[in-house]
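Only a predicted model underlies this, so the values are computations on that prediction, with no experimental measurement involved.
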Amino acid sequence: MSMNDNVFVTTFVFVGIVMLFYGFLKKKQINPKINSMASLTFDGYKGDQVTQMYFHESTIGDRMYGYVLYDRPNGVTRARMDRSQDGSVGVKLSDSKGQERIRLVIDANDVPILEFLNEKGKVVYSLPPKQQD
């Protein structure tokens with residue numbers, strides 16, 4: 001391990017400890033609108049973040065967490081696996097422009113849904129089929 005590797009690992013561990021401690025302190029405050037959040041990102045060599053793990057929770061019931069993959073250098077989100085505020089969990093895959101094209105979701109009522117979207121974001125095929133209005 002080189003000196004630069006040691007500095008990176010030490011910095012990474014220190015930042016992680018600070019983030020955990022900060023989150024712990026935020027949770028202990030008495031404030032009805034307090035948030036607890038954390039984000040851990042990984043950067044490419046001499047570049048910007050390519051992956052991110054995140055967590056967000058508030059005392060009013062909002063809760064989200066997940067994992068995101070970014071396409072570099074253009075910065076668009078290409079894949080996302082997360083739990084949304086509505087209680088659903090899913091995997092969403094996007095095209096090179098960042099537009100969601102496939103969604104695989106288990107909704108808050110435990111119903112599995114698979115959706116294919118066109119380049120404008122409109123659902124063109126769904127399993128189970130969507131009800132016609």
Side-chain angles (χ1 to χ4, degrees):
M1 204 181 242
S2 72
M3 180 62 171
N4 286 341
D5 291 337
N6 287 335
V7 169
F8 173 76
V9 170
T10 302
T11 302
F12 180 76
V13 170
F14 177 73
V15 170
I17 290 170
V18 168
M19 286 177 59
L20 288 173
F21 185 67
Y22 177 73
F24 174 77
L25 288 178
K26 296 279 282 183
K27 279 187 161 185
K28 295 299 179 187
Q29 294 178 10
I30 307 300
N31 182 339
K33 296 182 181 178
I34 199 69
N35 291 315
S36 175
M37 63 187 79
S39 176
L40 178 62
T41 63
F42 294 90
D43 296 350
Y45 179 69
K46 293 186 178 182
D48 205 350
Q49 69 189 31
V50 292
T51 65
Q52 175 187 21
M53 289 184 290
Y54 67 91
F55 170 81
H56 173 261
E57 184 175 31
S58 73
T59 56
I60 60 172
D62 295 336
R63 188 174 196 196
M64 303 179 302
Y65 44 86
Y67 186 76
V68 182
L69 298 176
Y70 299 97
D71 198 3
R72 295 294 178 204
N74 57 8
V76 299
T77 300
R78 292 301 302 271
R80 167 179 235 107
M81 180 177 63
D82 60 10
R83 181 203 181 270
S84 299
Q85 288 185 17
D86 65 4
S88 65
V89 294
V91 175
K92 293 124 185 164
L93 303 175
S94 302
D95 62 21
S96 62
K97 297 176 184 86
Q99 179 64 49
E100 281 187 11
R101 299 299 295 272
I102 298 174
R103 291 185 200 138
L104 174 61
V105 177
I106 307 290
D107 72 14
N109 298 315
D110 292 332
V111 176
I113 302 165
L114 176 61
E115 296 177 323
F116 293 86
L117 299 87
N118 66 15
E119 62 278 353
K120 295 181 181 177
K122 181 181 178 190
V123 176
V124 294
Y125 185 75
S126 178
L127 289 174
K130 292 222 182 234
Q131 299 291 330
Q132 298 295 327
D133 297 325

Item to check | Distance in Å, T51 OG1 paired with R78 CZ, rounded so as to fall on 0.5 Å steps | outcome: 15.5 Å
Item to check | Distance (rounded to the nearest 0.5 Å) between L117 CG and S94 OG | outcome: 9.5 Å
Checklist outcome for this item: CG of D82 to OH of Y65, rounded to nearest 0.5 Å, is 10.0 Å
Next on the checklist: So, using salt bridge (charged side-chain N to carboxylate O under 4.0 Å, His left out) as the criterion, who are the partners of R103 when residues are at least two apart?
Outcome noted: E100, E115
Checklist entry - In the single-linkage hydrophobic clustering (I, L, V, M, F, W, Y; side-chain heavy atoms under 4.5 Å), do V50 and Y54 co-cluster? => result no
Item to check | Any side-chain heavy-atom pair of I113 and S126 under 4.5 Å | outcome: yes
Checklist entry - Are V76 and V68 co-members of a hydrophobic cluster defined by side-chain heavy atoms under 4.5 Å apart? => result no
Checklist outcome for this item: Distance col, row Q85:CD vs H56:NE2, nearest 0.5 angstrom, shows 7.0 Å
Checklist entry - Any chain of hydrophobic side-chain contacts (each under 4.5 Å) joining L93 to Y125? => result yes
Item to check | Interatomic spacing from OH in Y67 to CZ in R80 - rounded to 0.5 Å | outcome: 12.5 Å
Next on the checklist: Using every non-hydrogen atom in the two residues, find where P128 and P112 come nearest and quote the distance to one decimal.
Outcome noted: CD-O, 3.3 Å
Checklist outcome for this item: For Q99, the side-chain contact (heavy atoms from CB on, under 4.5 Å) test, sequence neighbours excluded, returns D95, R101
Item to check | Euclidean distance, I106 CD1 relative to R83 CZ, rounded to 0.5 Å | outcome: 14.0 Å
Item to check | For L114, side-chain contact (heavy atoms from CB on, under 4.5 Å) partners two or more places apart | outcome: I102, L104, F116, L127
Checklist entry - Of all heavy-atom pairs between S84 and M64, which one has the smallest distance, and what is that distance? => result C-CG, 4.3 Å
Item to check | Shortest non-hydrogen contact between N74 and S96, atoms and distance | outcome: ND2-O, 3.6 Å
Checklist entry - Under 3.5 Å, is there a donor-acceptor pair between the side chain of N109 and the main chain of V111? => result no
